[in-house]
Amino acid sequence: MHRSGELTVAEVLQKSSNVGAAKIALMLPPALMWEIFEGVGFGRGPELGFPGEAGGRLRPYKTWKPIEQATMSYGHGISVSLLQLARAYTIFARDGVLLPVSLEKLAAPPAGQTVVGAATARAVRSMLELAVQPGGTGPRAQIMGYRVAGKTGTAHKQENGAYATDKYVSAFVGLAPASDPRLIVAVMIDEPSAGEHFGGAVAAPVFAAVMAAALRILGVPPDAPMRPLELPPAGADIPEESV
């Protein structure tokens with residue numbers, strides 16, 4: 001847990017402030033918040049046709065208590081798969097349009113569904129870039145020559161109907177190049193055990209390695225200066241998620 005003082009909406013994302021996220025959530029009518037979650041595909045399967053695909057858990061908003069609405073804003077009380085998270089990021093990559101997912105190569109780009117306005121999606125994408133810069137929780141997700149936008153995530157793992165105090169699920173989901181997104185990469189580390197457990201420490205570096213290799217293979221042109229990255233040293237004290 002860390003204290004951040006007064007924050008803007010952009011800084012709430014940049015610093016992964018649970019308090020800030022909860023305050024924003026409680027300003028929204030429960031029905032609207034549920035519509036946003038449901039609109040990006042949470043609570044229903046991704047319709048891949050793959051055996052065992054999960055829809056996660058999104059309870060009806062009429063049953064929410066204020067404390068539940070607050071905690072859902074930062075990932076507690078709701079469950080989604082890594083694929084659902086990756087798909088949700090298509091609204092930031094495609095200016096508010098949620099795209100369907102497929103395990104097969106498609107002959108033509110699929111039609112999507114508009115979930116939020118283009119201006120809103122671009123604004124959030126800019127905020128997600130801040131989370132990857134120095135001062136954010138995910139600077140280890142940076143890639144030389146490319147603008148990256150993404151978000152760390154760290155949650156206590158559910159066990160026997162409760163949250164385990166010493167077991168975590170750590171994640172990073174991001175897109176690049178942020179100026180004209182081509183790829184989304186989602187990484188989840190189940191029960192990290194190498195001495196660190198925050199998403200920015202264990203999942204963000206994996207994202208950077210996978211995304212950098214994919215961009216090179218596809219020949220995606222750089223959209224940022226080719227200069228050394230400002231990466232924190234191992235064990236450095238950087239802002240981390242409150243879990």
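Closest heavy-atom contact between L130 and A10: CD1-CB, 3.9 Å. Taking all atoms of both residues into account, the shortest heavy-atom contact from I91 to V40 is CD1-CG1, 4.0 Å. Here the closest non-hydrogen pair linking A141 and V132 is C-CG1, 4.0 Å. The minimum heavy-atom distance between G112 and L99, with the atom names listed, is CA-CD2, 4.0 Å. Considering all non-hydrogen atoms of both residues, I189 and V202 come closest at CG1-O, 4.0 Å. Closest of all the heavy-atom pairs between Q84 and F42 is O-CE2, 3.8 Å.
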### Task
Decide yes or no on side chain to side chain contact (heavy atoms under 4.5 Å, CB included) for V12 and Y74, but give the supporting numbers first.
CA-CA 11 Å; V12 167; Y74 52 83; over 6 Å; no

### Message
Applying side chain to side chain contact (heavy atoms under 4.5 Å, CB included) to L218 and L183, what does each step give before you reach the verdict?
### Response
CA-CA 10 Å; L218 294 175; L183 296 173; 3.8 Å; yes

### Message
Walk me through whether K15 and L7 qualify under side chain to side chain contact (heavy atoms under 4.5 Å, CB included).
### Response
CA-CA 9 Å; K15 300 180 182 298; L7 300 174; 4.0 Å; yes

### Message
Pair R125, L175 - check side chain to side chain contact (heavy atoms under 4.5 Å, CB included), show working.
### Response
CA-CA 9 Å; R125 192 164 78 213; L175 53 85; 4.0 Å; yes

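Here the side chain of D223 pairs no donor or acceptor atom with the backbone of P177 at under 3.5 angstrom. Between the side chain of Y89 and the main chain of A186, no donor-acceptor pair closer than 3.5 Å is present. A donor-acceptor distance shorter than 3.5 angstrom exists from the side chain of Q69 to the backbone of L28, with no hydrogens or angles considered. Between the side chain of E38 and the backbone N or O of G43 there is no donor-acceptor pair closer than 3.5 Å. No donor-acceptor pair under 3.5 Å is formed between the side chain of S170 and the backbone N or O of T154. A donor-acceptor pair under 3.5 Å is formed between the side chain of W64 and the backbone N or O of R59. Using modelled atom types, one side-chain atom of S126 and one backbone atom of R122 make a donor-acceptor pair closer than 3.5 Å.
Under the 4.5 Å side-chain heavy-atom criterion for grouping Ile, Leu, Val, Met, Phe, Trp and Tyr, L98 is connected to M33 within one hydrophobic cluster. Cluster membership check: F172 does not share its hydrophobic cluster with V80, using side-chain heavy-atom separations under 4.5 Å among Ile, Leu, Val, Met, Phe, Trp and Tyr. The same ILVMFWY cluster, assembled from side-chain heavy atoms under 4.5 Å apart, contains both L13 and I184. I67 and L26 fall into different hydrophobic clusters, where Ile, Leu, Val, Met, Phe, Trp and Tyr are joined by side-chain heavy atoms under 4.5 Å apart, directly or via other members. Under the 4.5 Å side-chain heavy-atom criterion for grouping Ile, Leu, Val, Met, Phe, Trp and Tyr, I24 is connected to L128 within one hydrophobic cluster.
Interatomic distance, L106 CG to E104 CD, rounded to the nearest 0.5 Å: 7.5 Å. To the nearest 0.5 Å, atom CE of residue M72 and atom CH2 of residue W34 are 10.5 Å apart. To the nearest 0.5 Å, atom OH of residue Y146 and atom CE of residue M211 are 10.5 Å apart. In this structure, CE in M144 is found 6.0 Å from CE in M226, a value given to the nearest 0.5 Å. Considering CZ of R140 and CG of L229, their distance stands at 12.5 Å, rounded to 0.5 Å. The CG atom of D95 lies 10.5 Å from the OG1 atom of T120; values are rounded to the nearest 0.5 Å.
In this model, a donor atom of one side chain and an acceptor atom of the other lie less than 3.5 Å apart for K151 and S16.
Aromatic rings from H156 and Y163 are positioned such that their centres are separated by 6.0 Å or more.
Looking at residues two or more places apart in sequence or on another chain, you find no side-chain hydrogen bond (donor to acceptor under 3.5 Å, both in side chains) involving R182. A search for side-chain hydrogen bond (donor to acceptor under 3.5 Å, both in side chains) contacts involving D180 returns nothing, not counting sequence neighbours.
Under the side-chain hydrogen bond (donor to acceptor under 3.5 Å, both in side chains) rule, E191 has a single partner from H197, K167, K157, which is K157. Shown are Q133, E129, Q142; of these, the side-chain hydrogen bond (donor to acceptor under 3.5 Å, both in side chains) with R147 is made only by E129.
At most 12 non-hydrogen atoms from other residues, nucleotides or ligands lie less than 6.0 angstrom from CD of E47.
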